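Heads up: the structure comes next, in structure tokens.
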Amino acid sequence: MPSLPRAFYLRPARAVARDLLGCILVSRHGGALAAGRIVETEAYLGPEDGASHAAFRPGSHRLFYGPGGIAYVFLNYGTHHCLNAIAGPPGTPGCVLIRALEPVTGQAVMARRRGVTAAARRLASGPGNLTRALAVTLRDNGADLTRGPLVIEPASGPGRPRIARGPRIGITRSTDRPLRFWIADSPFVSR
DNA sequence: TAGCTGATTGACT
DNA sequence: GTCAATCAGCTAA
């Protein structure tokens with residue numbers, strides 16, 4: 001299965017966030033294969049978007065303004081990593097936060113990394129859980145998502161999923177913008 | 001150098 | 001529903 005082409009990411013973050021739903025995120029970290037279907041995303045824009053790290057995390061500017069298809073990983077609240085895909089052509093800031101996954105392959109590995117025997121539906125439901133299940137760390141910051149140990153593959157299966165849209169959650173600014181997308185009938189979205 | 005903030009989670013009342 | 005854990009990178013001094 002080929003990964004999504006660079007061109008996929010060279011579009012507005014809003015469009016990338018929506019089209020990423022249903023795609024498969026694949027991690028080969030540690031020699032183990034772990035993959036899941038993306039069921040929840042959020043779009044973050046440039047400085048005009050008050051919630052975007054492009055506006056108040058200058059250390060990340062280089063990535064935000066670079067070409068799409070690059071991973072942006074950061075640590076927040078000291079304990080949790082968050083995985084983003086940079087979107088838009090060079091010079092255009094924007095990224096997509098991947099919030100939740102439906103485990104497809106390697107559930108045993110994910111469960112072991114999570115330290116739980118829990119049901120699959122909780123393995124990657126939430127940005128922090130997702131990165132832990134796939135062993136994504138700050139080392140992946142700046143990694144190429146079109147080739148490497150961490151890639152995203154096109155959606156498989158019949159038709160397009162039913163997509164819901166609403167305000168983003170867990171943030172303290174610009175909470176009124178409808179930039180959060182998720183698969184409407186999926187039980188794997190975060191709370 | 002000290003202090004602050006945050007796109008979260010899980011445990012507890 | 002509330003609340004602490006915990007750290008990278010910025011800001012102020």
Side-chain angles (χ1 to χ4, degrees), chain A residues 9 12-18 20-21 23 25 27 34 36 38-66 68-88 92-103 110-143 145 150 152 164-183 186-191:
Chain A
Y9 300 98
R14 210 185 279 88
V16 175
R18 191 188 57 232
L20 228 34
L21 292 177
C23 294
L25 177 62
S27 162
I38 297 171
V39 296
E40 188 178 358
T41 62
E42 281 179 14
Y44 288 85
L45 314 178
E48 77 280 8
D49 176 4
S52 171
H53 283 189
F56 65 98
R57 289 193 73 147
S60 311
H61 271 179
R62 289 174 61 126
L63 287 176
F64 269 88
Y65 288 85
I70 302 297
Y72 164 48
V73 182
F74 69 95
L75 180 67
N76 80 324
Y77 295 102
T79 49
H80 303 288
H81 297 282
C82 291
L83 173 63
N84 304 256
I86 300 297
T92 306
C95 76
V96 177
L97 169 68
I98 300 175
R99 292 189 57 88
L101 242 52
E102 172 187 341
M110 297 189 204
R112 181 156 46 80
R113 290 204 272 241
R114 291 289 322 283
V116 295
T117 58
R121 61 187 305 155
R122 291 246 171 141
L123 285 180
S125 63
N129 292 335
L130 178 157
T131 51
R132 222 181 336 164
L134 296 189
V136 172
T137 67
L138 293 176
R139 292 197 332 268
D140 296 296
N141 194 33
L145 289 175
L150 192 65
I152 301 178
R165 178 162 63 137
R168 294 174 296 188
I169 56 179
I171 57 176
T172 57
R173 311 179 213 202
S174 304
T175 53
D176 52 335
R177 291 182 176 224
L179 293 175
R180 172 171 174 250
F181 302 88
W182 68 97
I183 295 182
S186 173
F188 297 94
V189 300
S190 60
R191 50 184 192 196

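Chain naming here is simple, since letters A, B, ... match the order of the sequence lines and numbering starts at 1 in each. Please read all numbers here as calculations on a predicted model, not as lab measurements. Atom set for the values below is all heavy atoms of this structure, side chains included, hydrogens, waters and symmetry mates excluded.
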Pairing residues for [X] by the side chain to side chain donor-acceptor pair (under 3.5 Å) criterion, not counting sequence neighbours:
| X | result |
| --- | --- |
| A:N129 | A:R114 |
| A:R180 | A:E40 |
| A:N141 | none |

Self-check item: Close residues, residues 71-82 of chain A, relative to DNA chain C [heavy-atom separation under 4.0 Å]
Solution: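 Of all residues in residues 71-82 of chain A, the ones placing a heavy atom under 4.0 Å from DNA chain C are A:L75, A:Y77, A:G78, A:T79.
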Self-check item: Sorted by number, the residues of residues 167-180 of chain A with heavy-atom contact under 4.0 Å to DNA chain C
Solution: none
Quiz item: With sequence neighbours excluded, what pairs up with A:F74 under the ring pair (Phe, Tyr, Trp, His ring centres under 6.0 Å) test?
Solution: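 So A:F74 forms a ring pair (Phe, Tyr, Trp, His ring centres under 6.0 Å) with A:H53, A:Y72.
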Quiz item: Sequence neighbours excluded, which residues qualify as ring pair (Phe, Tyr, Trp, His ring centres under 6.0 Å) partners of A:Y9?
Solution: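 Counting only residues at least two positions away or on another chain, A:Y9 forms no ring pair (Phe, Tyr, Trp, His ring centres under 6.0 Å).
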Quiz item: side chain to side chain contact (heavy atoms under 4.5 Å, CB included) between A:I38 and A:E102: does it pass, once the steps are laid out?
Solution: CA-CA 6 Å; A:I38 297 171; A:E102 172 187 341; over 6 Å; no
Self-check item: Residues which pass salt bridge (Lys or Arg N to Asp or Glu O under 4.0 Å) with A:D49, listed by chain and number, not counting sequence neighbours
Solution: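 Once residues adjacent in sequence are excluded, the partners of A:D49 under the salt bridge (Lys or Arg N to Asp or Glu O under 4.0 Å) criterion are A:R168.
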Quiz item: Distance between the P atoms of C:dA5 and B:dT13, in whole angstroms?
Solution: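 Looking at atom P only, C:dA5 and B:dT13 are 15 Å apart.
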Quiz item: Using a cut-off of less than 4.0 Å, is there contact between a side-chain N or O of A:R122 and OP1 or OP2 of B:dG10?
Solution: no
Practice problem: List in chain and number order the residues that pass side-chain contact (heavy atoms from CB on, under 4.5 Å) with A:P103, two or more places apart in sequence or in another chain; answer none if no residue qualifies. | Solution: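 side-chain contact (heavy atoms from CB on, under 4.5 Å) check on A:P103 returns A:Q107, A:M110, A:A120, A:L123, A:F188.
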Practice problem: Report yes if some heavy atom in the side chain of A:L130 is under 4.5 Å from a heavy atom in the side chain of A:V136; otherwise report no. | Solution: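 Heavy-atom side-chain distance check fails, nothing below 4.5 Å.
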Distances for protein N/O vs nucleotides 1-3 of chain B N/O pairs under 3.5 angstrom?
none

Practice problem: Kindly check if the number of other-residue, nucleotide or ligand heavy atoms within 6.0 Å of CZ (A:R177) is above 12? | Solution: yes
Practice problem: Could you summarise the pairing of DNA chain C as dot-bracket text, marking Watson-Crick and G-U pairs under 3.5 Å with ( ) or [ ] inside the strand and | across strands? | Solution: |||||.||||||.
Quiz item: Hey, does A:N129 reach any base, or is it just sugar-phosphate, or nothing, if we go heavy atoms under 4.0 Å?
Solution: sugar-phosphate
